[in-house]
Peer 1: 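Okay, here's the structure, questions in a sec.
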2 protein chains.
Amino acid sequence: MEKVTIATVARRAGVSRQTVSNVINTPDVVREETRERVREAITALGYRVNQAARQMRTGRSRLIAVRIEPARDGINGSVLDRFLHGLTDAAGLAGYRVMLYTAADDNDEIATYDDLLSAYDLDAFVLTSTHHGDPRTSWLAERSVPFVTFGRPWGAPDMHSWVDVDNAAGTAAATEHLLAAGHQRIGFLGWPAGSGVGDARREGWHRVLGPWGPSAASTDGVQGGAEAARALLATDEPPTALVCASDSLALGALQAARELGRECAVVGFDDTAVAQAIGLTSVSQPLAEAAARCMDLLAELLDGRAPSVPATVLLPPSLVLRQTA
Amino acid sequence: MEKVTIATVARRAGVSRQTVSNVINTPDVVREETRERVREAITALGYRVNQAARQMRTGRSRLIAVRIEPARDGINGSVLDRFLHGLTDAAGLAGYRVMLYTAADDNDEIATYDDLLSAYDLDAFVLTSTHHGDPRTSWLAERSVPFVTFGRPWGAPDMHSWVDVDNAAGTAAATEHLLAAGHQRIGFLGWPAGSGVGDARREGWHRVLGPWGPSAASTDGVQGGAEAARALLATDEPPTALVCASDSLALGALQAARELGRECAVVGFDDTAVAQAIGLTSVSQPLAEAAARCMDLLAELLDGRAPSVPATVLLPPSLVLRQTA
DNA sequence: TCCTAGGTCTTGAACGATCAAATTCTGATA
DNA sequence: TATCAGAATTTGATCGTTCAAGACCTAGGA
C-alpha cells in the first residue's frame, strides 16, 4: 500500500497529471470517455487529494477556524457545543474542515488570527458571541479575511454577513403561549440593559404585552435569578408567569416560587440540558440550522460568488413545551 | 505587506535558506552569532513557517483530530465540551492544532480516519468514549497511526496509551463522605451491568461498603433514575443516601425523594451544568488535566521518544460538595 | 488543399519548506 | 606553512499539486 499520488493515477489511466487534476477540479474540460477512465483509476487506487500540496499551490486550505470557549457559567455552555457539532457537519459536507482555537479575550483572539492565517493559510473564521464594539470584526474586515458571525453586529451597520436567531420572536412566542394559557400578569426576568441579546429578549416580551408588565433584571445565574424573582413575587399583585432570558434565571425563578409557595409558570431560554432535565419549558435555538447557514454563507464568500451586499439570516426559534408552562 | 518566506528572511539575514531552516528546527547546529542575526530577521519581518510547505516535505501536519459527538442525553454533553477545550489549549502549547470531525458510528468514524489521514496527513487521533470491543483502536493500531484514548481499553489488554479518570475512586470518595456524615444505609443508583464506566462506578461504592448495600440500575436519564430511586426508597429500610452513576440519575433520585417526602442525601457524577445549577453534590472529573495528559502522551509518540510499553495515566476525580450531601 | 478555431491533452515551472550531500570556514596540530 | 578534522554554511533536489502556456487533433470554411 504505497503512496498514491496524482502521478500514480495518471499512469494507470494513461493520461497526464494535469488531466487527472482537471477531472477533479474542472471535469467539464475533459472528454467524457477520458473522464470515466480517470475516475475509475481514482477509485481503484483509492486516490485522495493531498491537501498540503494543493494548498501550497492554491493558497487555500479548506480549513475554517472557530473559537471554543470555556463553558462560562456551565449552564449555557452546551449552546456553543451544539453549534460546533452542526458546523463540523455542514463544513464536512461542503468539503471543509473545522479547526479549533482558544483565546482568553478579544485581543488574544486577534493575535491568534494572525498566527492561524500565516501558518495555516486558514480560509475563513466563524465568530460567535458578538457584542457591542467588537474589535474582531473590524480587524478581519480590514485585512479582507472572509468570515461570518453567529450573532448580529450589535450596534453597528451590517458590514459583514451574519446569521442570528430572532431572540425577540422567541420571547414573544413564549409570552403569547402564556397568554393563551390564561395568564394575566406575565413578568420578565432578564439581564441588565446593554447586552444586545438580553435587550432583544426583553423586547419580544414587551412587544406582546404592550406597555405593562412587571420585570426585573439580574446578571445571569441561578442565584441572581432567584433573588430577582423573589422581589417580583413579593409584590401586591405578583405575576403568575415569568418569561426569562436564560435557563439559569428560569431555574432561579422556579426555586424562588417554590420557597414562597407560589404557583408560577416559567419559561426559560436556550433549551439547555438543565431545561431538559428538570422539565423547564424553554425557547430553543435552531443551532444546527444556524451552523449550516453560516457554512452556506462562507462557501459563497470563498467561492467568490459573494453578493455585493452582506447576507444576513435571521432564524426563528421554537418553544419547547414541558411541565413548567 | 508581502508574503514573507524563508527566502525573504535568508536574504535579510545574509544567509542561505537552509540556515534559516536550521535556526528554526535545529538551532544548535548554527553558530551563536548567526543564530541571533537570523532570529532578529525573523521577528523583524514577522516570519511564520508555512505549515503546508513544511508538511509536504516532512509528511507531518501538526494536526490532531478529535470527534465531536452530539450531546447525547444533553445532560452529560458538557463533559466532552470541557475536555475539548482543554485539549485545544494543551495542543496549542505543544505546537499542534485540533481538527474536528463527526461520525454517526464506529464504522463511519473509521472511514473518516482514512480520509483524514490521506487528505490531511493527520498526525494523530484522540479517541473518546471507548467501549468493549472497540474496532477503532485496532484499525488505527494495525496501520500504526499514533493515537491516545481518553478512557481505558475496556476488556482488552493495554495495547496503546490511554488516560482515564479513576471512576471507582470517585464513587468511593463519595461513599466515604456520606459515611463520615453519619449515613448508615447508603445505596447505589447505576446503569445496567456491562459498561466499563458504569461497572467501575458501582465498584467504588461497593469497595467502601463491603458486601451490603441496596442498589438499583437503570439506563441513564432523569426519568429512569426517578423510577429506580422510587423502588429503592419504598423498601422497609430505605437508604438515607444515594450515590449515583450520573447527574441525570441523581436528579431523578432527588425528584423521587421529594415526591415521597423522604430526606435523602444524593451524590451525582460528572459535575455537569445541572449539578452546578441545582446544587447537587457531584464527583468532578479533572477534564482539563486529562486533556493535557493526552497531549503529553501524544507528543511523546510523535517525537518518537515513545516508551516501548504503552503509557497509562489514571487521574483521581474530586468531590464537589454542595447542598444535596 | 490549406487554414483556423475550438476542444482536448501535455509539458515545464512554481508554491515554500526540508533533506542529503557538497562546500567553505575555522582552528589545532604536525 | 601545510594538513586535516570538525563545525558551519550552502547548493540542488524534492514533496504533490495546480497554473500557464504550448501541442495536438478534429472538423468546418475558404
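If you're wondering where the values come from, they're calculated on a predicted model, not measured in any experiment. Below, chains carry the letters A, B, ... as their sequence lines are ordered, and counting in each starts from 1.
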Peer 1: Report the nucleotide, chosen from D:dT9, C:dT8, C:dG16, that has the shortest atom-to-atom distance to any side-chain atom of B:Lys3.
Peer 2: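 Taking heavy atoms from C-beta onward, the closest nucleotide is C:dG16.
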Peer 1: Could you tell me the separation between the CZ atom of A:Arg54 and the P atom of C:dG16, rounded to a whole number of Å?
Peer 2: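 In whole Å, C:dG16 P and A:Arg54 CZ are 18 Å from each other.
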Peer 1: Measuring to OP1 and OP2 of C:dG16, would you say a side-chain N or O of A:Tyr120 lies under 4.0 angstrom away?
Peer 2: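 No, outside the criterion.
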Peer 1: A:Asp121 has an atom CG; how far is it from atom P of C:dG16, in whole Å?
Peer 2: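 Rounded to the whole Å, the gap is 9 Å.
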Peer 1: With the side chain of A:Arg31 defined as its heavy atoms from C-beta on, choose the nearest nucleotide among D:dA8, D:dT17, C:dT8.
Peer 2: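 The answer is C:dT8.
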Peer 1: For the side chain to side chain contact (heavy atoms under 4.5 Å, CB included) test, which of A:Val15, A:Val23, A:Val29, A:Asn22 pairs with A:Arg35?
Peer 2: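 Result for side chain to side chain contact (heavy atoms under 4.5 Å, CB included) with A:Arg35: A:Val23.
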Peer 1: Heavy atoms from C-beta onward define the side chain here; which of D:dT17, D:dA8, C:dC9 lies closest to that of B:Thr34?
Peer 2: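 For B:Thr34, the side-chain atoms sit closest to D:dA8.
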Peer 1: Could you check how far OH of B:Tyr47 sits from P of C:dG16, rounded to whole Å?
Peer 2: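 These atoms are roughly 10 Å apart.
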Peer 1: Between B:Arg143 (side chain) and B:Trp139 (backbone), is there a donor-acceptor pair under 3.5 Å?
Peer 2: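 A pair under 3.5 Å: yes.
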Peer 1: Roughly, in whole Å, what's the span from CG in A:Asn25 to P in D:dA20?
Peer 2: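 A:Asn25 atom CG is separated from D:dA20 atom P by 13 Å.
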Peer 1: Give the rounded distance in Å between these two atoms: CZ of B:Arg57 and P of D:dG12.
Peer 2: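 Those two atoms, CZ and P, are 16 Å apart.
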Peer 1: Roughly how many Å is it from CD in A:Gln55 to P in C:dA17, rounded to a whole number?
Peer 2: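 Roughly 12 Å, once rounded to whole Å.
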Peer 1: Specify the separation, in whole Å, of atom CZ of A:Arg60 and atom C1' of D:dC19.
Peer 2: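 That distance rounds to 15 Å.
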Peer 1: Can you tell me if the side-chain N/O atoms of A:Thr19 get under 4.0 Å from OP1 or OP2 in C:dT10?
Peer 2: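 For C:dT10, OP1/OP2 do have a side-chain N/O of A:Thr19 under 4.0 Å.
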Peer 1: Is the base of C:dC19 touched by the side chain of B:Gln18 through a donor-acceptor pair closer than 3.5 angstrom?
Peer 2: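 Looking at the base of C:dC19, it does pair with a donor or acceptor on the side chain of B:Gln18 (distance under 3.5 Å).
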Peer 1: Should the side chain of A:Arg17 and the base of C:dG12 be counted as holding a donor-acceptor pair, with the cut-off at 3.5 Å?
Peer 2: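 For A:Arg17, whose side chain was compared with the base of C:dG12, there is a donor-acceptor pair (under 3.5 Å).
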Peer 1: Answer yes or no: is there a donor N or O on one side and an acceptor on the other, between the side chain of A:Thr43 and the main chain of A:Arg39, under 3.5 Å?
Peer 2: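 Looks like yes, one N/O pair under 3.5 Å.
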Peer 1: Return the nearest nucleotide to the side chain of B:Ser16; candidates are D:dT9, C:dC9, D:dG16.
Peer 2: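 So the nucleotide nearest the side chain must be D:dT9.
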Peer 1: Would you mind checking if B:Arg97 and A:Asp115 are paired as a salt bridge, meaning a charged N to carboxylate O distance below 4.0 Å?
Peer 2: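 A salt bridge links A:Asp115 with B:Arg97.
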Peer 1: Does B:Ser61 offer a backbone N or O that forms a donor-acceptor pair with the side chain of B:Asp123 under 3.5 Å?
Peer 2: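 Yes; judged by distance alone, with no hydrogens or angles, the pair exists.
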Peer 1: For the pair made of CG in A:Asn50 and C1' in D:dC15, what is the distance, rounded to whole Å?
Peer 2: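 Rounding to the nearest Å, CG of A:Asn50 and C1' of D:dC15 are 8 Å apart.
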Peer 1: If you compare every side-chain N and O of A:Ser21 against the phosphate oxygens of D:dT18 (OP1, OP2), does one of them come in below 4.0 Å?
Peer 2: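 So the side chain of A:Ser21 is within the cut-off, an N or O lying under 4.0 Å from OP1 or OP2 of D:dT18.
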